[in-house]
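Notes to accompany the following structure.
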Amino acid sequence: MMDIFEDLKWRGLIHQTTADEFLPGWLGSGSRTLYAGFDPTADSLHVGSLLPLMILRRFQKAGHKPIAIAGGATGMIGDPSGKSAERNLQTQEQLDANLAGIETQMRHVLDFECGDNSAILVNNNDWMSKFSYIEFLRDVGKNFPVNVMLAKDSVKSRLGSEAGLSYTEFSYMLLQAYDFVHLNREHGCELQIGGSDQWGNVTAGIDLGRRMNSVQLYGMTCPLLTKSDGSKMGKTESGAIWLSAERTSPYQFYQYWVNVADEDTGKCLRFLTELSRDEITELDKAREETPHQRESQKRLAEELTRLIHGESGLNAALKATEIFFGAEIDSLTDAELGQIFADVPSKQLSPSRLVDEKIGLIDAVVESGLSKSKSDARRSIKQGSIYVNNSRVDDIEYQLTREDLASESVIVLRSGKRKYALLRFLD
RNA sequence: GGGGGGGUACCGAAGCGGUCAAACGGGACAGACUGUAAAUCUGUUGGCUCUGCCUUCGCAGGUUCGAAUCCUGCUCCCCCCA
């Protein structure tokens, strides 16, 4: 069994634990059960959830049993930690749909069918919803001194803010704490992991375990995955990077990691991949010496895309990358093009236009939406920024014909470096 | 209520009778360079049946061979005095 604690430490994944001295030996001497919580606010996890998920995976590979808890109940309330304003509440239907989506994705990262230490996914709504308000206050609430709760950072910061803190959000801590106690009782779970902003909630659970059941539980937090400029990893101008292919195509996902800044890449490799120390050290060196090769970014992107989208997803992303960065496009199928250009707008035209009517390049560029007027299209072509199937065409008179089809029925137009549009000649 | 200034292309801002599709700056787009970074350099930035034609300078009229530029009315904005 590998030394999980040592590995986490080397990767910089241990921010704080409740038992620094004790945990290494404890983890090394048997299979333990641990859990991390995931917030079901959407039907897909995003890059932000990748870090705790990977930590669970590391534990599982080291022989421990991971529990992922989807906060069906807590998700209805919203964790105030690190949030500046009150959350919107979610409906039951939304939550159910979200949970289903999330589970599918977790299966890529955690093994749910490997015997004793199979991962399990539970929904805290299953036990929380059985509580009556009175019961909860009597059994759980009375174990929480308000003065201790008020001292937690997550509460303090919100009390001082203009938005304030509702009673509902204030209660969040009790729910998460009770989750831990419940999992301990039902599954023998003894360790909770979470981001460093979860410290208050984690220790609340440990306290509750001691008070209710006289058990000793443990907690471990990891650093938050942030960029060197302090912003969150996994966000772009156009929104979050998701783990579902429907929301973020494998190509976009791959590209996100290829474009990680040099300063952040080392951290990402350590935090999010399972590459060995030697490999990571080598990549660090390569990044230092030949930054323009961007070997480590490519490796990072490759590892993560394969994990989340599988070998075929990775291949699609690589093929798309090749094409989006200039490779000529020909002898592909409609299906392949459809996958590669999943994110690209397309325009359907009648096939007869290719044969009988002849479609001039200028008109094609306008119809595809790449240019807003014919004058604009004419200028673009003259300036050499229009490409048909990725080869430049600077002849204003050019007419598209069947010869220009890149697949059975598609011609790929491009303006400039990145802007693509598909013309589909179908009835 | 009185006095003054002003509304120009995506934004800021010149132009104040013809050579104005309208200087200049920013932005945007493209080309070169490059590490799918940044910077830099170059070009483009109303439309079209494109070496020419058409429509634009708050709105509507007028003067003139000719107006973004002059006149009249309307409208909106800013400043000063009440």
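Quick note on labels: first sequence line is chain A, next is B, and so on, each numbered from 1.
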Does A:K227 come within less than 4.0 Å of A:E263, counting only side-chain N to carboxylate O?
-> no
Rounding to the closest angstrom, what is the interatomic distance between B:U75 and B:C10 at atom C1'?
-> 24 Å
Complementary nucleotide for B:G1 - Watson-Crick or wobble, under 3.5 Å = B:C81
Under a 3.5 Å limit for both distances, which nucleotide forms a Watson-Crick or G-U wobble pair with B:C29, could you say?
-> B:G43
Side chain of A:Y254: nearest nucleotide among B:C48, B:U36, B:G31?
-> B:U36
State which of B:G43, B:A32, B:G47 makes the closest approach to the side chain of A:Q383.
-> B:G43
Should A:R277 and A:D284 count as an ion pair when the cut-off is N to O under 4.0 Å?
-> no
Distance in angstrom units between A:R287 CZ and B:U36 P, rounded | 17 Å
What integer distance in Å separates A:D376:CG from B:A30:C1'?
-> 10 Å
Of B:G31, B:U49, B:U36, the nucleotide closest to the side chain of A:K374 is B:U49
Options B:G43, B:C48, B:U49, nucleotide nearest the side-chain atoms of A:R378 = B:U49
Does the pair A:E302 and A:R306 meet the rule for a salt bridge (Lys or Arg N to Asp or Glu O under 4.0 Å), with working shown?
-> CA-CA 6 Å; A:E302 184 189 323; A:R306 185 184 292 120; 3.0 Å; yes
Is any side-chain N of the basic residue among A:D43 and A:R247 closer than 4.0 Å to the acidic one's carboxylate O?
-> yes
Calculate the interatomic distance between A:Y420 atom OH and B:A30 atom P; express it in whole Å.
-> 12 Å
Can a salt bridge be assigned to the pair A:R107 and A:E113 using a cut-off of 4.0 Å between side-chain N and carboxylate O?
-> yes
Distance in angstrom units between A:K417 NZ and B:A38 P, rounded = 11 Å
Minimum-distance nucleotide (side-chain atoms of A:R418 versus B:C33, B:A37, B:U44) = B:A37
Rounded to whole angstrom, note down the P distance from B:A68 over to B:C78.
-> 28 Å
Watson-Crick or G-U wobble mate for B:A38, both contacts under 3.5 Å = none
Taking atom types as they are modelled, is there a donor-acceptor pair under 3.5 Å from the base of B:G35 to the side chain of A:D262?
-> yes
Is there a Watson-Crick or G-U wobble partner for B:C24 with both distances under 3.5 Å, and which nucleotide is it?
-> B:G12
Spacing of the P atoms in B:C74 and B:C79 (rounded, Å) | 23 Å
5' precedence on RNA chain B between A:K372 and A:N259 (nearest-nucleotide basis) | A:N259
Which nucleotide, B:U36, B:C50, B:U34, lies nearest any side-chain atom of A:F325?
-> B:U36
Under a 4.0 Å N-O cut-off, is there an ion pair linking A:E274 with A:R57?
-> yes
Considering only heavy atoms and no angle criterion, is a donor-acceptor pair shorter than 3.5 Å present between the side chain of A:Q255 and the base of B:U36?
-> yes
Whole-Å distance between B:G31 P and A:R414 CZ?
-> 7 Å
Along RNA chain B (nearest heavy atom to each residue), the more 5'-positioned of A:K298 and A:S373 | A:K298
For nucleotides B:U8 and B:C77, find the distance between their C1' atoms and express it as a whole number of Å.
-> 15 Å
